[in-house]
Participant: 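Below you'll find the structure I mean.
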Amino acid sequence: MKYDYIIIGSGLGGLCSSIIMSKENKKVLVLEQHFKAGGYLHSFKRKGYQFETGFHFSPELGNGQILRMYWKYLGILDKLELVPYNSNHFHSLIFPDMKLDLLSGLDNLQQLLIDTFPVEADTIVTYIQKIKEIKQYFVYFNANHKGDMDMEHKSFEISISDYLTSIGASEKLKGVLLAHSYLYGVPPKETPLGTHAIFFNALYSSSTDIKGGGDALNNALVESLKENGGEIHFKKKVTQIKTENKVIKGVETEDGTFYECDNIIFSANPTLSFNMFNEDIFRSTYTNRISEMENTTSHFGLYAAVDVDLSNHKNDVLYFPDYNIDRLYESAASDMPQDAFLYYTVPTARLGVTGDNKHLIETISMDNYNNYTKWSKTKFGKRPEDYTTFKDKIKENVLHQLYSILPEIKNKVTFIEASTPLTNEHFTMSPMGSIYGIKHSMSQMRAPIRARTKLNGFYYTGQSLIFPGIVGVTITSFVTCSDILGQDYLFNKIDKEVKGDF
Ligand SMILES: Cc1cc2nc3c(=O)[nH]c(=O)nc-3n(C[C@H](O)[C@H](O)[C@H](O)COP(=O)(O)OP(=O)(O)OC[C@H]3O[C@@H](n4cnc5c(N)ncnc54)[C@H](O)[C@@H]3O)c2cc1C
């Protein structure tokens with residue numbers, strides 16, 4: 001059997017690309033090294049409790065918002081039960097001397113900020129206008145497919161930190177506006193204004209959970225792939241990409257199986273592909289440049305079941321010990337990063353309690369892979385005692401921090417599990433357990449990784465290219481497939497099928 005396209009990796013990027021290409025009547029096969037689909041978006045079960053790894057909420061799923069357009073085209077919108085967050089209070093930011101309950105909609109936010117920082121009203125209006133304006137430049141983020149490439153590029157020439165300083169924002173206001181930089185994992189002084197603006201627009205569009213979480217999304221994507229004639233094989237780690245005279249012949253998996261194909265879309269971190277070729281394909285200047293790119297930070301995850309009623313905790317909470325977000329990233333790179341930042345969500349408050357009437361809490365704090373390198377060659381499930389001791393110490397730290405912002409759960413935790421950067425690396429193969437792949441920083445985005453490569457028929461997609469996150473990765477798949485099919489062709493097809501009804 002010869003495939004038109006083999007997609008390496010079944011994360012969101014791989015699955016979206018596989019559906020787009022199978023909708024073109026191409027014979028498509030997805031190969032995934034893990035035993036289930038979804039990459040970072042999968043969930044795991046312990047003691048009957050289901051916890052999410054990389055899915056907590058998605059922006060842009062409100063009526064008429066851009067992700068609905070793409071998901072409708074992918075055929076998954078009707079397969080999902082969407083559970084919107086409360087638009088009047090979707091997130092809370094907690095700083096040492098202030099708590100802010102955030103509400104959806106940039107105009108609503110503008111009013112909230114003006115009420116909170118009245119002397120900075122002009123700065124706030126200037127900022128919100130700029131954020132709205134920048135979105136208009138990005139073709140893939142606008143349902144009318146209009147944009148302005150020159151202005152888009154210009155928005156990458158200044159960091160969000162420098163921009164906010166230039167309009168006179170105070171340290172406190174900056175802290176509030178930059179709090180969500182954890183969604184793309186880049187310190188504000190390194191983040192292009194354009195990247196920040198895209199995330200900020202998305203974040204305040206709307207927030208939506210999905211009944212069944214990441215698994216429900218993955219199942220819907222796989223179902224749609226199969227409905228369009230595509231296939232997916234699990235426990236198939238691709239180890240070689242075979243070419244003859246620089247023409248793609250196929251791929252080989254760890255168990256020695258060869259799959260013949262004409263084209264390949266590689267959806268994991270691009271650096272993982274460089275050692276897979278049997279011929280010299282890329283110049284060393286290209287592979288060295290990309291291999292030297294910095295990855296985003298990793299994280300420490302804490303997953304708990306508690307015997308206390310948290311049904312009012314429908315909003316996500318972000319805790320910061322400091323308004324200086326750049327300093328928090330520096331702290332995250334230290335050897336005890338868990339004192340830096342904490343995000344928690346209570347999915348059961350939105351989706352319903354567990355069978356034994358417990359609430360679940362999922363937390364994320366930034367963590368530094370370097371603290372774990374000495375155990376990087378040890379195997380998942382068989383790591384040594386000193387690793388477990390270290391992990392337990394961090395677990396206690398995070399738990400302690402969680403108690404300080406959610407005291408009602410103290411002595412009520414009935415189950416607890418944790419993940420480290422090594423866990424991330426094991427399950428997703430993301431180098432250094434990086435949360436969002438290659439860092440979308442000013443210096444690295446000057447020459448970003450392109451979907452199309454020098455090897456005819458070999459493409460990249462996924463979070464390391466353009467934007468991470470559910471919106472970013474979905475859109476990146478459309479960008480990759482536009483490179484193959486033509487942008488006008490794909491947009492016309494989307495318009496014809498979706499008919500503006502999303
Ligand atoms: C803790 C955490 C919380 C997050 N929360 C949110 C959130 O609430 N909302 C949001 O929008 N985003 C969130 N994100 C981000 C989002 O999950 C990711 O941006 C997105 O899932 C990345 O998708 P991807 O396809 O690019 O990569 P991945 O999910 O990493 O997929 C890559 C796939 O390739 C496979 N693979 C790698 N190498 C091979 C090989 N050789 N052969 C076969 N298969 C291979 C991997 O197993 C994996 O399945 C979160 C991320 C993390 C880590």
Side-chain angles (χ1 to χ4, degrees), residues 6-18 29-42 51-61 67 85 91 180 182-185 199 202-203 207-210 213-214 217-218 221 232-241 251-254 259 264-273 275-276 296-303 316 343 345 347 362-367 419 421 423-431 433-438 440 460-477 480:
I6 283 185
I7 317 290
I8 302 176
S10 74
L12 183 65
L15 289 177
C16 291
S17 305
S18 71
L29 169 67
V30 180
L31 294 173
E32 167 58 48
Q33 56 96 21
H34 195 28
F35 57 75
K36 64 195 281 197
Y40 259 130
L41 291 184
H42 72 246
F51 295 102
E52 294 299 322
T53 52
F55 177 82
H56 300 100
F57 70 96
S58 179
E60 298 279 8
L61 280 174
L67 193 56
Y85 276 58
H91 277 186
H180 286 89
Y182 85 95
L183 289 174
Y184 45 76
F199 276 92
L203 177 72
S207 281
T208 303
D209 203 341
I210 295 175
L217 173 57
N218 301 328
L221 288 159
I232 182 163
H233 296 182
F234 297 109
K235 291 202 204 160
K236 290 289 183 185
K237 179 176 178 181
V238 175
T239 48
Q240 273 201 51
I241 296 168
V251 305
E252 192 173 296
T253 49
E254 204 170 30
Y259 297 88
I264 295 169
I265 300 179
F266 191 91
S267 78
N269 188 309
T271 54
L272 296 174
S273 68
N275 290 329
M276 290 184 178
T296 44
T297 175
S298 192
H299 86 288
F300 190 90
L302 194 85
Y303 313 88
D316 293 355
Y343 160 94
T345 183
E362 295 159 354
T363 83
I364 300 175
S365 39
M366 290 191 242
D367 202 352
S419 68
T423 323
N424 288 350
E425 193 174 50
H426 171 77
F427 283 109
T428 67
M429 299 196 59
S430 181
S434 154
I435 311 188
Y436 302 121
I438 288 173
H440 299 86
Y460 290 118
T461 199
Q463 62 178 355
S464 288
L465 267 73
I466 302 173
F467 291 112
I470 292 165
V471 180
V473 172
T474 300
I475 286 182
T476 302
S477 310
T480 296

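Numbering of ligands and ligand atoms starts at 1, following listing order. Keep in mind that this is a model prediction, so the values were computed, not measured.
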Participant: State whether the side chain of Y436 and the backbone N or O of Y182 hold a donor-acceptor pair below 3.5 Å, judged by distance alone.
Facilitator: yes
Participant: Below 4.0 Å from any atom of ligand 1, which residues have a heavy atom? Give them in chain and number order, please.
Facilitator: I8, G9, S10, G11, L12, G13, L31, E32, Q33, G38, G39, Y40, L41, T53, G54, F55, H56, F57, K236, K237, V238, A268, M276, H299, I364, F427, T428, M429, I435, Y436, G462, Q463, P468, G469, I470, V473
Participant: Ignoring hydrogens and geometry, is there a side-chain-to-backbone donor-acceptor pair from T480 to T476 under 3.5 Å?
Facilitator: yes
Participant: I'd like to know if the side chain of S419 and the backbone of T423 have a donor-acceptor N/O pair within less than 3.5 Å.
Facilitator: no
Participant: Say whether, by atom type as modelled, one donor and one acceptor occur between the side chain of S207 and the main chain of Y85 under 3.5 angstrom.
Facilitator: no
Participant: Do F234 and F35 make the cut of ring centroids closer than 6.0 angstrom?
Facilitator: no
Participant: Hey, is the main chain of I265 close enough, under 3.5 Å, to the side chain of T461 for a donor-acceptor pair?
Facilitator: no
